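Everything below concerns the one structure shown next.
A, B, ... follow the sequence lines: proteins, then strands. Residue 1 opens every chain. Heavy-atom basis, side chains included; hydrogens, waters and symmetry copies ignored. Computed from a predicted structure; not experimentally measured.
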2 protein chains.
Amino acid sequence: MAAETRLRNIQAFARESGVTMRALRHYDRMGLLRPRRNRPGGYRLYGREELLRLEQIVVLKSLGLKLSEIRELLKNPGALPLMLSRQRRLLSARREQLDRALRAIAAAEAALRPGRLPAWRLIANIVREIAMQNETNWTEKYYSPQARAAIERRRLEWTPEMQAEVSRQWAELFADIEAALGENPAGARAQALAARWRKLVSAFTGGNREIQKGLNAMHADQANWPAAAQAYRIRPELQAFILKALRCKP
Amino acid sequence: MAAETRLRNIQAFARESGVTMRALRHYDRMGLLRPRRNRPGGYRLYGREELLRLEQIVVLKSLGLKLSEIRELLKNPGALPLMLSRQRRLLSARREQLDRALRAIAAAEAALRPGRLPAWRLIANIVREIAMQNETNWTEKYYSPQARAAIERRRLEWTPEMQAEVSRQWAELFADIEAALGENPAGARAQALAARWRKLVSAFTGGNREIQKGLNAMHADQANWPAAAQAYRIRPELQAFILKALRCKP
DNA sequence: CTTGACCTTGACGTTGCGTCAGGGTGGAGG
DNA sequence: CCTCCACCCTGACGCAACGTCAAGGTCAAG
């Protein structure tokens, strides 16, 4: 019954701890942090002990743990190592996802900046193109295991900036092809486009024949791509044009 | 009224698009993707057009946009650049937060691995120590602007691995001090601990006098730290011991 | 006509609180 | 003693993006 030195009401405690009153009441109800309820009228009273526990809660919450998990962990601290490694894996995965999104945004912004691509559709394609690099599952159909290993190696070598730059170049190339659609595929401009195309392809394949073969097989089979990949497709008229241009000068 | 080539029921469409039926119904109800409802019986029918729109939705969702934002964006594509930059900033912030959490976990795991720190309290302290590096607000009281700028510069130079490593060393040092509490502060072991302490401090300050002065002021004033920072505190007996040891051989 | 696969809407659960709404408590001033 | 005002309490709904039943229509085949 020794009255603790400093027992505070919920408002004062909230101010000092930086946690809102609502959150404190929430933690109370769910059994995560139970203040004392000595006073008549049912007032919550928080002391030093509660402050310490709350700080542990805040730390664990900042690691992305759910409140229920924190509750169990505080009940049984022995589970800490497991929790940590589980959480590390989870956060790593989340971070990868975030990085992909950031790369995609960077690429899309790069493509928008020159003002040459107001076309909504193309933006979606750029974004996809990057996302594609991770969704290797459905490419199994077209790439040999060696080719996929090579792709994976190359992907690891690329920085996000390089990926964004390449995506930007593809976007520009598509825009330019679109603008040149009516021209003669053997003409100078079309041939310049074909050259850019070859350069970008070899940037992706790294000169690897295996990869190039898979890429060709894939493009020849566009119509049969799974629905999820439809948006990666090159529009038929663009494809026809660039194929003609590429065949002019092998 | 020209019947579209391939109109699918919701189940088939869900399979092909990789989006669950529940999600499709959700998108329908909230006006994000409205399928046709020609058939009697009120069946939802999805065609090629819906597939394209759904793909755009999926892409934007993968960028972390909320469904309501996507709806507005598809209504008004001109807002795309703004949305992208807003989203980039948001995701960057979220990534920083994630990195901090990951660093904290790495440090905590490193401290746990040697099996020398079963003490729950110390773990919390490590975690805090790292989090501290960002919460510079309350350090304004102790550090001069120049010192804070220097701290910020040094923080940017550090890789997450370096931060984790330093945190691990602090944790080990605290554990060793704890174990040596009863010994003579002038003895060989205590002096070795003092040396490690000095090395770690100078690793943090980078030899900068300004920072060191602020750090000293801070530690001298431990009792007055704001509540949110209480967990960073060095336990009094540890502090007393290490101070004695440090003073032995200046 | 029945069966079974497929479809519909409705409603509650999840997570961590924000935000009222309606109503008690407690100490100070009149 | 009464009143006032600051402070406290307990619900209860809302949000985001669906998961997960539940109860009940629809459709093609046998």
Side-chain angles (χ1 to χ4, degrees), chain A residues 7-47 50 53-54 56-74 83 87 90-91 94 97 101, chain B residues 7-47 50 53-54 56-74 83 87 90-91 94 97 101:
Chain A
L7 281 178
R8 280 145 294 190
N9 279 342
I10 191 167
Q11 196 171 48
F13 187 67
R15 258 197 307 271
E16 292 184 52
S17 64
V19 174
T20 67
M21 293 192 291
R22 180 63 177 93
L24 289 173
R25 286 196 266 256
H26 186 54
Y27 297 166
D28 183 8
R29 182 201 302 277
M30 72 180 302
L32 183 54
L33 176 67
R34 311 218 104 114
R36 304 151 217 207
R37 309 291 283 260
N38 309 334
R39 250 162 91 174
Y43 282 26
R44 291 177 179 83
L45 292 175
Y46 294 85
E50 282 77 14
R53 186 173 170 100
L54 178 59
Q56 298 182 338
I57 291 171
V58 170
V59 169
L60 292 171
K61 207 164 74 65
S62 80
L63 298 186
L65 290 175
K66 286 189 286 187
L67 295 185
S68 57
E69 293 173 329
I70 296 176
R71 187 178 48 197
E72 297 315 307
L73 200 51
L74 291 178
M83 274 291 197
Q87 202 60 17
L90 198 151
L91 293 189
R94 208 176 288 173
Q97 164 68 18
Chain B
L7 281 178
R8 279 145 295 189
N9 279 343
I10 193 168
Q11 197 172 48
F13 187 67
R15 259 198 306 272
E16 290 184 54
S17 64
V19 174
T20 67
M21 294 191 292
R22 179 64 176 92
L24 289 173
R25 293 198 187 103
H26 186 54
Y27 297 165
D28 183 8
R29 181 200 301 277
M30 74 180 300
L32 183 54
L33 177 66
R34 309 219 107 114
R36 303 150 216 205
R37 308 291 280 259
N38 309 333
R39 251 161 90 172
Y43 282 25
R44 291 179 178 83
L45 292 175
Y46 295 85
E50 282 78 14
R53 186 173 170 100
L54 179 58
Q56 298 182 340
I57 292 170
V58 170
V59 169
L60 292 171
K61 207 163 73 67
S62 80
L63 298 185
L65 290 174
K66 286 189 284 187
L67 295 186
S68 58
E69 294 173 329
I70 296 176
R71 188 178 49 199
E72 297 315 306
L73 200 51
L74 290 180
M83 274 291 195
Q87 202 61 16
L90 198 152
L91 293 189
R94 207 175 290 172
Q97 165 69 19

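For the atom pair B/Asp28 CG and B/Met30 CE, the distance stands at 11.0 Å (nearest 0.5 Å). Considering CG of B/Leu60 and CD1 of B/Ile70, their distance stands at 5.0 Å, rounded to 0.5 Å. The CG atom of B/Leu74 sits 4.5 Å away from atom CZ of B/Arg53, with the distance rounded to the nearest 0.5 Å. Atoms CG and NZ, on A/Leu73 and A/Lys66 in that order, are 13.5 Å from each other to the nearest 0.5 Å.
Checking the phosphate oxygens (OP1, OP2) of D/dA16, no side-chain nitrogen or oxygen of B/Arg29 falls inside 4.0 Å. Residue A/Arg22 has no polar side-chain atom (N or O) positioned under 4.0 Å from OP1 or OP2 of C/dG16. In this structure, B/Thr20 reaches the D/dG19 phosphate: one of its side-chain N or O atoms is under 4.0 Å from OP1 or OP2. Note on B/Lys61: a side-chain N or O is less than 4.0 Å away from OP1 or OP2 of D/dC18. Taking 4.0 angstrom as the limit, B/Asn9 places a side-chain polar atom (N or O) nearer than this to OP1 or OP2 of C/dC7.
Atom CZ in B/Arg36 sits roughly 17 Å away from atom P in C/dC7 (whole-Å rounding). Rounded to a whole Å, the CG atom of B/Leu24 is 16 Å from the C1' atom of C/dT9. Between the CZ atom of B/Arg15 and the C1' atom of C/dC7 there is a distance of 14 Å, given to the nearest Å. Atom-to-atom, CG of A/Leu54 to P of C/dC17 comes out at 11 Å; the value is rounded to the nearest Å. For the pair B/Ile57 CD1 and D/dC18 C1', the interatomic distance rounds to 14 Å; values are reported in whole Å. Across the protein-nucleic acid pair, A/Lys66 atom NZ and C/dT15 atom C1' stand 8 Å apart, rounded to whole Å. Taking atom CD1 of B/Ile70 as the reference point, atom C1' of D/dA16 lies 12 Å away to the nearest angstrom. Distance CD1 (A/Ile10) to C1' (C/dT25): 15 Å, rounded to an integer number of Å.
B/Arg25 comes within contact range of at least one nucleobase, with a heavy-atom separation under 4.0 Å. As judged by a 4.0 angstrom heavy-atom cut-off over every strand, A/Ser68 is placed among residues making no nucleic acid contact. Here B/Arg37 lies in heavy-atom contact (under 4.0 Å) with sugar-phosphate atoms only.
For the helix from C/dC1-D/dG30 to C/dG30-D/dC1, the terminal axes (five pairs an end, C1' atoms, rotation from four pairs onto the next four) enclose an angle of 40°, given to 10 degrees.
Checking each of B/Asn38, B/Ile10, B/Asn9 against B/Tyr43 for a side chain to side chain contact (heavy atoms under 4.5 Å, CB included) leaves exactly one that passes, namely B/Asn9.
A/Arg15 has its side chain within reach of A/Gln11: a pair of non-hydrogen atoms, C-beta onward, lies under 4.5 Å apart. Between A/Leu54 and A/Tyr46, every side-chain heavy-atom pair lies at or beyond the 4.5 Å cut-off.
Along DNA chain C, the nucleotide nearest to A/His26 and the one nearest to A/Tyr43 differ in position, and the one closer to the 5' end is contacted by A/His26. Comparing A/Gly41 and A/Met30 against DNA chain C, the residue whose closest nucleotide sits nearer the 5' end is A/Met30.
Without hydrogens or angle criteria, B/Glu50 side chain to B/Gly47 main chain gives a donor-acceptor distance under 3.5 Å.
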